[in-house]
Peer 1: 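Got a structure for you, written out below as C-alpha cells; questions coming shortly.
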Number of protein chains: 2
Amino acid sequence: MKIDPNSPADLSAQIAKAIHDAIMSGALPVDERLPSEAELAEQFAVSRPTVREALKRLAAQSLIRTQRGATGGAFVNRLRFEDAYAQQITTSTLLLSMNDVSFATACEARYALERACAPLSAQRRTPDHLATMRAECFRQSQPGLTDEAFCASDVAFHRALVDGAGNPVLSYQLAGAVEAMQPLMNMITFTARSRERIVALHTDIADAVEAQDGAATAAALTALEAETQMLAQSVFEARAGKTK
Amino acid sequence: MKIDPNSPADLSAQIAKAIHDAIMSGALPVDERLPSEAELAEQFAVSRPTVREALKRLAAQSLIRTQRGATGGAFVNRLRFEDAYAQQITTSTLLLSMNDVSFATACEARYALERACAPLSAQRRTPDHLATMRAECFRQSQPGLTDEAFCASDVAFHRALVDGAGNPVLSYQLAGAVEAMQPLMNMITFTARSRERIVALHTDIADAVEAQDGAATAAALTALEAETQMLAQSVFEARAGKTK
DNA sequence: CAATTTTCATTTGTCAGACATTTAAAAGTC
DNA sequence: GACTTTTAAATGTCTGACAAATGAAAATTG
C-alpha cells in the first residue's frame with residue numbers, strides 16, 4: 001500500500017484510494033483495525049492532518065468507522081443495506097436534478113425496475129406485505145389527507161410491493177429509484193388532483209398481488225405508469241400555457 | 001446553515017451534513033462557489049482543519065470539487081453518470097461481499113433488472129447495439145479465449161443490451177448490479193467450462209433483440225438465468241464434495 | 001496605446017506541535 | 001474479590017505557519 005511521493009498535490013486522495021483499493025480487494029477484511037493515524041502518517045510519510053482527511057473521505061463512503069479511546073481507531077466497516085440505501089437515494093436524487101433527466105425518462109426507468117419485481121413479489125409476498133399495501137390504499141382514499149401524506153403513503157405502498165419480492169438486492173436498487181422520484185412526483189400530485197384514479201390503480205395492483213398473478217401485477221403497473229405519464233404531461237402543458 | 005455547538009464530537013460530520021443538505025435541497029446550485037475555508041471556519045466557529053475534513057467528506061461523494069489559486073475554492077459539482085457508476089459499483093460490490101448475499105439472490109436480482117430493460121431494448125436498440133452484441137457472441141465462440149477475456153466479453157454483451165434501452169437512468173442502475181456480479185460470475189466460468197451453451201443463449205438473446213421481440217428477449221434472459229443458476233449449483237456442490 | 005511581463009493577493013495543500021476528550025486496561029484500595 | 005483511581009493510547013480539535021497554484025492587477029516595454 002504505497003503512494004506516489006512525486007505527486008505533490010492531493011496526497012489525501014491518494015492515501016484514501018490506496019486504502020479503498022485494499023478494502024475492495026479483500027486485503028483488509030471487515031472489522032480489521034487500521035493502523036493509528038500516527039502510524040499511517042509515518043507509513044505514508046505525511047502529516048497526521050493529511051491522513052485524517054483521507055480517513056474522512058473513507059468514512060463518508062461508509063468504508064470505515066472510527067472509535068475513540070484506548071482501543072479505538074479506524075475499522076473496516078461492514079457496509080449495511082441501510083447505509084447503502086441512503087447513498088443510493090442521494091446519488092439518484094442528484095443525478096436526476098443535475099442532469100436534465102426528463103420526467104418521462106425517470107418515470108420509465110422507475111416503472112421498468114418495479115415491473116422487474118412484480119412476478120417475484122406476487123409469488124412470495126407475505127400477508128404482511130399485502131396488509132401494508134391494503135392499508136396504504138385505504139389511507140390514500142381518505143379525503144382529509146394532505147398532499148405530503150399522500151405522497152409518503154404512495155412511497156410506502158410501492159416499497160411494500162418491492163420488499164414483497166424478498167430480495168434485499170432488488171430492494172436496495174429500487175429504493176434509490178423510487179425515493180429519488182419523490183420530489184418529481186410531488187410536483188404532479190400537488191397540482192393535478194386525481195387521487196381516485198391513482199387509488200383505483202393501486203387497488204388493482206394489490207388485487208393482482210393478492211391473487212399472486214405476476215403478469216396482472218406487471219400489467220397494472222404499466223397502467224399506473226401510463227396514468228402518471230399522462231398526468232405529468234398535462235401538468236407540464238398547463239405550465240407552458242401559463243408562462244407564455 | 002448552522003451546527004449544534006453543544007455537540008463536542010464529530011464537528012466535521014455536522015458541517016458536512018449541513019452543506020450536504022444545502023446541496024440536496026437546491027439551495028446551493030451547481031457550480032456555486034462555497035465560501036473559502038477560512039470563511040467557513042469563521043461561520044461555523046471551528047478551525048480550518050475541521051472545515052477541511054468536512055469538505056473532503058463531500059469531495060469523496062463527488063458533491064464538490066476544489067480548485068487552487070486566487071479564484072479557486074470549493075464548487076458544487078455536477079454529479080455525472082460516470083461518477084455515479086463508479087460509486088454504484090463500489091457499493092454494490094461491497095454489499096455482496098460483506099453481507100453473505102447468496103449467489104442465487106444476487107443472480108435473481110441481476111436478471112430481474114435486466115429483464116426490465118428487455119422490452120425497451122428490443123424496441124429501441126440501434127444497429128450499433130446489435131452489432132456489439134453479435135461481435136461479443138463471436139468473440140465468445142473463439143476457442144483460444146482466456147477466462148478473463150470471456151468474462152469481460154460477457155459484461156460487454158449485457159452492457160450493450162442494457163444501453164440499447166436508451167435510458168441512462170436504467171443504465172446507471174444496471175451498471176452496479178452487472179459489474180458487482182462479475183467476481184461471482186468469474187468463480188463459475190473459471191470452474192465450469194460450458195461456454196457453448198452460454199454463447200448459444202447469448203445468440204438467442206441477440207436474435208430476439210434483432211427481431212425486436214421484447215417477450216422473446218425476456219424469455220431468453222430467463223433461460224440464461226436458469227442456466228447460470230444451474231451452473232452455480234453444480235460448482236458449489238463440487239466444492240462441498242471436495243471439502244468433506 | 002497595446003502587448004507583454006512581473007508582481008501580488010487569494011486560496012487550497014501540507015506540516016508541526018499542542019491540548020482536550022474518550023475509553024479501556026492496569027494499578028491501587030477497601 | 002469488588003470497587004475506585006490512575007494511566008496510557010487513540011481520536012478530535014486548535015493554532016500558526018509555510019508552500020504551491022492561479023488569476024488579476026500593476027508595471028514594463030515595444
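Note that the coordinates shown come from a computational prediction; the quantities given were computed from them, not determined experimentally. Letters A, B, ... mirror the listed sequences (proteins, then strands); counts begin at 1.
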Peer 1: How many whole angstroms separate atom CZ of Arg52(B) from atom P of dG12(D)?
Peer 2: 17 Å

Peer 1: Taking for each residue the nucleotide of DNA chain C with the nearest heavy atom, is it Pro35(B) or Ala45(A) whose nucleotide lies nearer the 5' end?
Peer 2: Pro35(B)

Peer 1: Roughly how far apart are Ile23(A) CD1 and Thr90(B) OG1, rounded to 0.5 Å?
Peer 2: 10.5 Å

Peer 1: Just to verify, what does His158(A) make a ring-ring contact (aromatic ring centres under 6.0 Å, His included) with, not counting sequence neighbours?
Peer 2: His202(A)

Peer 1: For Arg48(A) and dG17(C), what is the distance between atoms CZ and P respectively, to the nearest whole Å?
Peer 2: 13 Å

Peer 1: Leu11(A) has an atom CG; how far is it from atom P of dT12(C), in whole Å?
Peer 2: 17 Å

Peer 1: Taking CZ from Arg65(B) and C1' from dT22(D), how many angstroms apart are they, rounded to a whole number?
Peer 2: 16 Å

Peer 1: Which atoms of nucleotides 4-11 of chain C (N or O only) lie under 3.5 Å from a protein N or O atom, and what are those distances?
Peer 2:
residue: dT10(C); atom: O2; partner: Ala70(B); partner atom: N; Å: 3.3
residue: dT11(C); atom: O4'; partner: Gly69(B); partner atom: O; Å: 3.1

Peer 1: Scan for salt bridge (Lys or Arg N to Asp or Glu O under 4.0 Å) pairs involving residues 87-109 of chain B, sequence neighbours excluded, and state none if there are none.
Peer 2: Arg124(A)-Glu108(B)

Peer 1: In a table with atom names and distances, give each donor-acceptor pair under 3.5 Å that connects a side chain of residues 53-62 of chain B to protein atoms at least two apart or in another chain.
Peer 2:
residue: Glu53(B); atom: OE1; partner: Arg52(A); partner atom: NH2; Å: 3.3
residue: Glu53(B); atom: OE2; partner: Arg52(A); partner atom: NE; Å: 2.7
residue: Glu53(B); atom: OE2; partner: Arg52(A); partner atom: NH2; Å: 3.3
residue: Arg57(B); atom: NH1; partner: Ser12(B); partner atom: OG; Å: 2.7
residue: Ser62(B); atom: OG; partner: Gln87(B); partner atom: NE2; Å: 3.3

Peer 1: Give every donor-acceptor pair under 3.5 Å between a side-chain atom in residues 26-35 of chain B and any protein atom, sequence neighbours left out.
Peer 2:
residue: Asp31(B); atom: OD1; partner: Arg65(B); partner atom: NH1; Å: 3.3
residue: Asp31(B); atom: OD1; partner: Arg65(B); partner atom: NH2; Å: 2.9
residue: Arg33(B); atom: NE; partner: Gly72(B); partner atom: O; Å: 2.9
residue: Arg33(B); atom: NH2; partner: Gly72(B); partner atom: O; Å: 3.2

Peer 1: Just the rounded figure in Å: distance from C1' of dT13(D) to CG of Asp10(B).
Peer 2: 12 Å

Peer 1: Return a table of donor-acceptor pairs under 3.5 angstrom between the side chains of residues 172-183 of chain B and protein atoms on other chains or two or more places apart.
Peer 2:
residue: Gln173(B); atom: OE1; partner: Gln88(A); partner atom: NE2; Å: 3.1
residue: Gln182(B); atom: NE2; partner: Cys151(B); partner atom: O; Å: 3.4

Peer 1: Does dG13(C) have OP1 or OP2 sitting under 4.0 Å from an N or O in the side chain of Thr50(A)?
Peer 2: no

Peer 1: Measure CZ/Arg57(A) against P/dG13(C) and give the value in whole Å, please.
Peer 2: 8 Å

Peer 1: When the distance from NZ of Lys56(A) to P of dG13(C) is rounded to whole Å, what number comes out?
Peer 2: 17 Å

